[in-house]
Structure formats: structure tokens, C-alpha cells
Undergrad: 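Shown below is the structure under consideration.
So that the names make sense, note that chain A is the first sequence line, chain B the second, and so on, each numbered from 1.
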There are 2 protein chains.
Amino acid sequence: MELDLPKDLEQPGLDPSKPATIYDVARFAGVSHQTVSRFLRGYEGIRPETRDRVINALQELGYRPNLAARSLTTGRSHRIGALTHEIDQVGPSKIAQGASLAARQAGYLLDIVTLDMSNRDAINEALELIMQHDLAGVLALSSTDEMTQAFEAADFRVPAYVAAESDDARGGHPSELSSVGLPALVGHLASLGHERVLHIAGPTTYSAARNRVRAYQRAAAECGMSSQGVLDGDWSAKSGYDAIMALSGPLTFTAVVAANDQMALGAILALTERGYRIPDDVSVTGIDDIPEAAYFAPPLTTLRVDFATQGRIAVEQLLARIEHRVLPHSPSLPSSLIVRKSTGPAKR
Amino acid sequence: MELDLPKDLEQPGLDPSKPATIYDVARFAGVSHQTVSRFLRGYEGIRPETRDRVINALQELGYRPNLAARSLTTGRSHRIGALTHEIDQVGPSKIAQGASLAARQAGYLLDIVTLDMSNRDAINEALELIMQHDLAGVLALSSTDEMTQAFEAADFRVPAYVAAESDDARGGHPSELSSVGLPALVGHLASLGHERVLHIAGPTTYSAARNRVRAYQRAAAECGMSSQGVLDGDWSAKSGYDAIMALSGPLTFTAVVAANDQMALGAILALTERGYRIPDDVSVTGIDDIPEAAYFAPPLTTLRVDFATQGRIAVEQLLARIEHRVLPHSPSLPSSLIVRKSTGPAKR
DNA sequence: CAAGACAGTGTTACCGGAAACAAGAGTCTG
DNA sequence: CAGACTCTTGTTTCCGGTAACACTGTCTTG
């Protein structure tokens, strides 16, 4: 090999445009590759003089570690697979964003796969793909029944974690959102004199949707309000609109609690088209506080949820498992009631 | 090593819960590891009988390739780094979603990094991280000046591609959106009798924002309308609202063309609060057609953009480079005018 | 002052694949 | 029927790291 090369290549590794390896660095510094490796992993017992030579060589050659090689030997990678549902909504994408940032700060990269969280085949296909790319862990950024099941059945050989907004059903203690947030929201309506309320729910396969339904019902009962029903939605504005439009006869409620802002938006339009004024005739609330909610007509009273933090927590939980640290007690993230103009005193 | 193991481990590789390697498979099938490797890479010249044994062993051991090892030898990975700006908006996240899907179908995984596309430090930091994780290519899912510059300065050793909505400024032929879509939108306003229009633009560092401004101005001129100005926005509903609120005196225009739906939403609220009725007094249009746009009050006339396809195209362009294929001529994705109730005849 | 102990560094083996090369069994050809 | 050529399969080496172990000197210590 060396035969073809010009004689002046006395400091090999510099010349080819190929990335420098620790061997190149070692040769340049006049040490063994192992010394370089030691330095890179923060080993202390290196003589300052040697250390300087290595540092210089590293610098000079613009060394960048090859993570494929590293993960091949250590068996650990620095990637996390994240499954999230089709993010045409703000919530999920903010969660992903928060997760991505948290992962990055810990030196990990997030492999995000978006899929239809209710489609078992899609889930399995995605898992199949994801399991090939060696990952340090797998994360589901939202929780549906199908996803939970697939996760339980799947044979990851790495830690996996399903980030549920709360796991009331699983015996965990209820989330802040359902134990504090929604009661506050419903209480706000009660204080305005509303006695009959309606809920527009998310898809029942989502644990978040179920929790919100339960919390809504509990809160309504505690406030002495009567729930006039729970309509099915799918998180979209369209479903909120359709749900209201499908109602026949005069309204039996004076307030609507939608499980997210989009459905509230749809509900507002439907109610408006049916001739009701918001909030004079009907009050409407959402959950999430998407950035647009403040600019709805009327601006929406809603419950602000900190999605980014939710994503961050999910990643931290997973990383704790990956690195065999003690699990930090999953902090309950606060939600806050944002009162705008879509709620008002109940009509008598 | 073998000394410690029980004698009955005559088919090693099955037993430990560690993933099976091609060596395990080879031993199980009674062939050499190379035969297994050949089979896996689709080599034809394997005797059917041998092939069957390999297939069986693969199946039996639940073999899954170790992509770290593979990419170490081949020097190729099956991951794509994707940079996108903070996706609290539908457009970017749908682009990411489309890209993710396209990548997955091609056997790649997308490493998505979200960052502030206008913050040079954030960009460089992200690039630094991303370059360590060996990637097959790097993609920027939206295009800002900072991002473009960082890409040009960066020393990826792999293909990189900046997905610009269009690259009018770079001499490329204008995108469908600016050559057909926006003219159609503006033409729609013209046909309703509007003669004085206003534009609310996105941040000027975004090439998409600049293209939309240019296209708007061109289209207005061609329709014989007079542009009453271009207000600065940042894609958010808030910025649309603020832009309108900052105007003093009576309106000099009868129609507003916002560069995206969120800003249109903000503009609608601001105009409403200032006592104008939409569309009776002022018509408002958006661009993007986010799912909520149909449920605004009033439902928004807008230009539908196919974000998912935009993401897909970006990935395909990048993959073509990665795999040294001929670049498919970047297809121009159609946009379509969606007329709803936020536009109406100009007030005399 | 010999014998450990230890600090600092080098050597060798290994991770799981792929490429290059080698070799054995048939098959074909003259 | 021997030599050339194929077809199929096996061996060896390498990718770029890390881990385990081995080897030098110094420094203690009895």
C-alpha cells in the first residue's frame, strides 16, 4: 500500500480526506492508540506532557469519534427511538421537541418515527425497523392501548418507556392535570353559575383522553354539576364541529369542556353556526393552550399544559433506566388555568 | 471460555439472551459466516439447499442485523440527520412527518433535531452533535439564511441538502406556490374587486417568507392591485394580531394576505376587535391550510400546501445524492386555492 | 538493596459485519 | 482424461473503537 504513496507522507492520517481515527491521532502524537482512547474517555492517569501531545494531535487532525465503532464495542449507542403519533397537532410535536432537546443535552439523538398510534400493523412495522438500528432505548411519546400492548409484546433488548400523560388507570396516582387542572377548569365554570356541562373527548384508545374524561366527570360531580354527556372526538377541530352539529334539538348544557383546543375551536364554530353566541349563550373551554388559542374568536379559556416539559421528563425517565440510575420520582407537571373570553356567566 | 459452559450447549447462540450474530446463524446452519452475509446482501449464487438452511437458521435464531457493525465496515449508515425549526407549527411538523415516512420507507431513520433556525450558535451546536453520529446525510427541513450559511461552512463529509420551499433567489425557477398558487390567491381577491391589499410576511431570514413576499408583490402588480405594504410577522398568530393592531388610522386596504394561516388568524381577531367585519369590511387570506383553518371564525380562505410531500421530496433528493443516483428533477408540488368565508366582495 | 506496589503506557484480542482472496468440487473442452 | 474454468463456499483481514492484560520504570518499604 505504502508503495504508491509519495515519500513525503511522513505524517499519515493528515492527508486523505477521510476522517482521522484514533490510530492516526496516536501516530501523530507518537503514542499508542490506547493512550488516545484513554484520554478520550477521560482517564486521569496520563502524564501532562503526553496529554498535551494527544490534545494537540486531536486538534491538528480534526479528530471526530466514530460512534458506530464505539457503539459496536461498548454495545451502547447514543440514540433513542421515539414513537409519536402523526404530529399535525401542536401538543405531540411540542412533546417531541422537548424530548429532542432533553436528549440532545444528554448527548443523545432522538430517532423520531411518526405513525398512526392506533394502527397495530403500522406500530409493529415501525418497531421492526427501529429495533434494527441499535438504540439505547425506546420511547413512546404518547400512549394508546395499541402502543402499550405493542410495547409489552415487543422484544426490545433495551429499556423502553411509554410516556403517559398520567396513568390513573394503572394505579399510579393521578396526574396534576386531572387532579388539579381539570377541577380548576370545571370549578371556574361552576363559579360562573354553569350547572349543566358537556364534554367532547379524545379517542378512547388514548390514555390521555380517558384520563381527561374521568377527571372531567369527577370534577363535575364534585362541583355539583350535571354532565350532559361525553361526545366522541378525535382531537381534530373537525370532530369537535361534527360532534356539536350531530346534536339534535335545543341544547341541554350551558358549557362545553373540550379535551383539547382544536376540538373546542370546532365546537365554537358549530355553536356559532347554530345561532348560539359564545360566551353569552354557551361557554366553551379547551385544554392545551396552543399558541393560537389566544386568537380564536373568542379567545379561548383553556388549561395550559407544558408539553415541552412532558417530553423532557419522558426522556429523563428513559435515560435513568438506560444508565441504571435511580428513577427520579416523576415530577408532576403543573397546568394552569388560562381564562379568556370564551367563558362567561351561565345563561339562566 | 467454553469450559464453563454446560455440555448441552451444542447449538450456541440460541441460549444467551444476547442477539444472534451472523456467526451464530452460520454455526446453526452449518455454513460459514460469509455465506450468511452473502445471503443477507442478496447474493444469488447460493445453492438452494444451503440457502434454505440459512433461512431456517435466521428464522430460528431471530437474527437481527447489527447496523452499527454494518455501518462500521461499509462506512455507510442508514440514518439521516434532519434539522428543523421549533415545530410548534403545523407546517414544519408535517414536513418532518412526511420526511420521516419517506426515509423509513427507504430503510432510513430520521434523526430529528429541532432548533432555533435563526440562532447561529444553536445551529452550530446542533451540527457539532449531529456530525458525530455518523449519518448518511444531513437535511435542513426549512431554509433560513443562517442555516444555509452554516451548511455551506460546515464540513459534513456526507451529502447535505437544504429543503427550500423554493429557491427563487438562487436562480432556480420559482416554486409552484409562488408562480401559480399565490397568483391564484391574489387573483381571487382581484376578482372580488379588491384593489388595495396588505401583506403580513414571515421572518425575512426565511427563504420561504421572502419568496412569498416577492410572489405576492408580483401577483398584486400583475392584477393591477396596489400593495399597501408588507408587515413583519414571525409566523405566529400573535405577530399577525400585533401587526394589525400597530396600524394607525383608518385602513388603507380591503384585503389582507397573510403568509400563513396562523398570522391570518391573529389578523382576523385584531380586525374584529377594531370593529371591522370579515369578510364584509376586510377579506383575509392565509397560506398553508392547516387543519384548523376551516374552523376559524370565519373559515379561512387559504392556499393549501402539501407539506408531507415537501418533506418526502427533500428526503428523496437527499437519498439520490447519498446513493449517487441521478437527481430526479425536483417536482414542483401543486398548491390549491381553498375558498372559504373569510373573503368576499370588496367594500366600495 | 532486593522486592513489591504503582504509575504510565503499549500489545493484543474482540465487537459484528463486509470485502478480498483462496480453495474445493464439478463441468467443460480439446 | 488432464487442464481450464465455474460455481459455491470457506478463510483471513479490516473497519475504529474499547477492554483486558502486559510491560517498563520509579518509588517504597522491609
Side-chain angles (χ1 to χ4, degrees), chain A residues 1-2 12-13 16 18-55 57-58 61-78 131-136 157, chain B residues 1-2 12-13 16 18-55 57-58 61-78 131-136 157:
Chain A
M1 271 206 153
E2 293 174 350
K18 288 177 53 181
T21 71
I22 56 169
Y23 292 90
D24 299 327
V25 173
R27 216 173 325 157
F28 188 94
V31 299
S32 79
H33 71 277
Q34 190 53 229
T35 301
V36 178
S37 173
R38 286 194 185 100
F39 171 78
L40 291 173
R41 284 174 309 112
Y43 175 70
E44 293 295 334
I46 301 178
R47 207 180 304 156
E49 171 195 322
T50 312
R51 170 181 300 260
D52 288 344
R53 292 225 306 284
V54 172
I55 292 177
L58 246 20
L61 299 183
Y63 172 79
R64 255 183 250 149
N66 176 330
L67 294 198
R70 184 174 292 173
S71 87
L72 177 59
T73 43
T74 61
R76 277 171 287 134
S77 87
H78 281 77
M131 286 192 290
Q132 292 190 4
H133 295 252
D134 53 3
L135 301 169
R157 310 181 197 239
Chain B
M1 271 207 155
E2 293 174 351
K18 290 177 51 181
T21 71
I22 56 168
Y23 293 89
D24 299 326
V25 173
R27 215 172 328 158
F28 189 94
V31 299
S32 80
H33 70 276
Q34 190 53 227
T35 301
V36 177
S37 174
R38 285 194 185 98
F39 171 78
L40 290 173
R41 284 173 310 112
Y43 176 70
E44 293 295 335
I46 300 178
R47 207 181 305 154
E49 170 196 322
T50 311
R51 169 180 300 260
D52 289 343
R53 291 225 306 284
V54 172
I55 292 176
L58 246 21
L61 299 182
Y63 172 80
R64 256 183 251 148
N66 177 330
L67 294 199
R70 186 173 291 175
S71 88
L72 178 59
T73 42
T74 60
R76 276 170 286 135
S77 88
H78 281 78
M131 285 191 292
Q132 292 190 5
H133 295 253
D134 53 4
L135 301 168
R157 308 178 198 243

Undergrad: Check whether A:Thr74 reaches the backbone of A:Arg70 with its side chain - one donor and one acceptor, N or O, closer than 3.5 Å.
TA: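 Answer holds: yes.
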Undergrad: Is the distance from OP1 or OP2 of C:dA18 to the nearest side-chain N or O of B:Ser37 less than 4.0 Å?
TA: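 Result: yes.
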Undergrad: Is there a side-chain contact between B:Val36 and B:Tyr63, using heavy atoms and a 4.5 Å cut-off?
TA: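 They are not in contact (no side-chain heavy atoms under 4.5 Å apart), so the answer is no.
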Undergrad: Find the distance A:Ile22:CD1 to D:dC15:P and express it as a whole number of Å.
TA: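 Atom CD1 in A:Ile22 sits about 12 Å away from atom P in D:dC15.
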Undergrad: Return no unless some side-chain N or O of B:Ser32 is found under 4.0 Å from OP1 or OP2 of D:dG10.
TA: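 Yes, within the criterion.
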Undergrad: Let's test your reading of the model: under 3.5 Å, does the base of D:dT9 pair with the side chain of B:His33 as donor and acceptor?
TA: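 Not at all, since no donor on one side and acceptor on the other fall under 3.5 Å apart.
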Undergrad: Using five pairs at each end of the helix from C:dC1-D:dG30 to C:dG30-D:dC1 to define an axis, what is the angle between those two axes, to 10°?
TA: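 End-to-end axis angle: 60°.
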Undergrad: From C-beta outward on B:Arg70, which listed nucleotide comes closest to its side chain: D:dC15, D:dT9, C:dG17?
TA: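 Closest of the options to the side chain of B:Arg70: C:dG17.
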Undergrad: Is the shortest side-chain N/O distance from B:Arg51 to OP1 or OP2 of D:dT8 below 4.0 Å?
TA: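 False: B:Arg51 side-chain N/O out of range (4.0 Å or more) of D:dT8 OP1/OP2.
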Undergrad: From D:dT18, C:dC15, D:dC15, pick the nucleotide closest to the side chain of A:Leu72?
TA: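 Nearest to the side-chain atoms of A:Leu72, counting from C-beta on, is C:dC15.
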Undergrad: For the pair made of CG in B:Leu61 and P in C:dG16, what is the distance, rounded to whole Å?
TA: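 Interatomic distance, CG of B:Leu61 to P of C:dG16: 14 Å.
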Undergrad: Ignoring the backbone of A:Ile46, work out which of D:dT18, C:dT9, D:dG16 is nearest its side chain.
TA: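 My answer, after comparing the listed nucleotides, is C:dT9.
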Undergrad: Report the distance from atom CZ of B:Phe39 to atom C1' of C:dG16, rounded to the nearest whole Å.
TA: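 After rounding, the reported distance stands at 18 Å.
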Undergrad: By nearest nucleotide on DNA chain C, pick out whichever of A:Thr50 and B:Arg64 is the more 5' one.
TA: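 Looking at DNA chain C, the more 5' nearest nucleotide goes with A:Thr50.
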Undergrad: Figure out the OH/P separation between B:Tyr23 and D:dT12, and round it to whole Å.
TA: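 In whole Å, D:dT12 P and B:Tyr23 OH are 12 Å from each other.
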Undergrad: For B:Tyr63, report the nucleic acid contact type (base, sugar-phosphate, nothing); a contact means any heavy atom under 4.0 Å.
TA: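 Sugar-phosphate only.
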Undergrad: Rounded to the Å, how far apart are A:Leu40 CG and D:dT18 C1'?
TA: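 Distance, rounded to whole Å: 11 Å.
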Undergrad: Can you find a pair of side-chain heavy atoms, one from B:Phe39 and one from B:Val31, that are under 4.5 Å apart?
TA: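 B:Phe39 vs B:Val31: side chains apart.
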Undergrad: In Å and rounded to the nearest 0.5 Å, what is the CG to CD distance from A:Leu40 to A:Gln34?
TA: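 Here the rounded value is 10.0 Å.
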Undergrad: Distance check needed: C:dA13 P versus A:Gln34 CD, whole Å only.
TA: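 After rounding, the reported distance stands at 14 Å.
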Undergrad: Would you indicate which nucleotide in D:dA19, C:dG17, C:dA19 comes nearest to any side-chain atom of B:Arg41?
TA: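 That would be C:dA19.
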Undergrad: Which whole-number value in Å describes the distance from B:Arg27 CZ to D:dT11 P?
TA: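 Going from CZ in B:Arg27 over to P in D:dT11 covers 13 Å.
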Undergrad: Pick the nucleotide of DNA chain D nearest each of B:Thr35 and A:Thr21; which residue has the one closer to the 5' end?
TA: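 Of the two residues, B:Thr35 wins.
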Undergrad: Find which nucleotide of DNA chain C each of A:Arg47 and B:Arg38 is nearest to by heavy atoms, and output the residue with the more 5' nucleotide.
TA: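 With A:Arg47 and B:Arg38 compared, the 5'-side residue is A:Arg47.
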Undergrad: Checking side chain to side chain contact (heavy atoms under 4.5 Å, CB included) for the pair A:Leu72/B:Asn66: CA distance, chi angles, key distance, verdict?
TA: CA-CA 8 Å; A:Leu72 177 59; B:Asn66 177 330; 4.0 Å; yes
Undergrad: Give B:Leu67 one of three labels, base, sugar-phosphate or nothing, depending on what nucleic acid heavy atoms sit under 4.0 Å from its own.
TA: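 Counting heavy atoms under 4.0 Å across all strands, no contact is made by B:Leu67.
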Undergrad: Rounded to the nearest angstrom, tell me the gap between atom CD in A:Glu49 and atom P in C:dA7.
TA: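 For the pair A:Glu49 CD and C:dA7 P, the rounded distance is 19 Å.
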Undergrad: Please check this pair: side chain of B:Asp24 against backbone of B:Thr21, looking for a donor-acceptor N/O pair closer than 3.5 Å.
TA: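 At least one qualifying donor-acceptor pair exists.
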Undergrad: Please enumerate all residues that pass ring-ring contact (aromatic ring centres under 6.0 Å, His included) together with A:Tyr43, with sequence neighbours excluded.
TA: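 Partners of A:Tyr43 under the ring-ring contact (aromatic ring centres under 6.0 Å, His included) test: none.
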Undergrad: Flag the pair B:Ile46 / B:Val54 as yes when at least one side-chain heavy-atom distance between them is below 4.5 Å, and no otherwise.
TA: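 SC-SC contact between B:Ile46 and B:Val54 ruled out.
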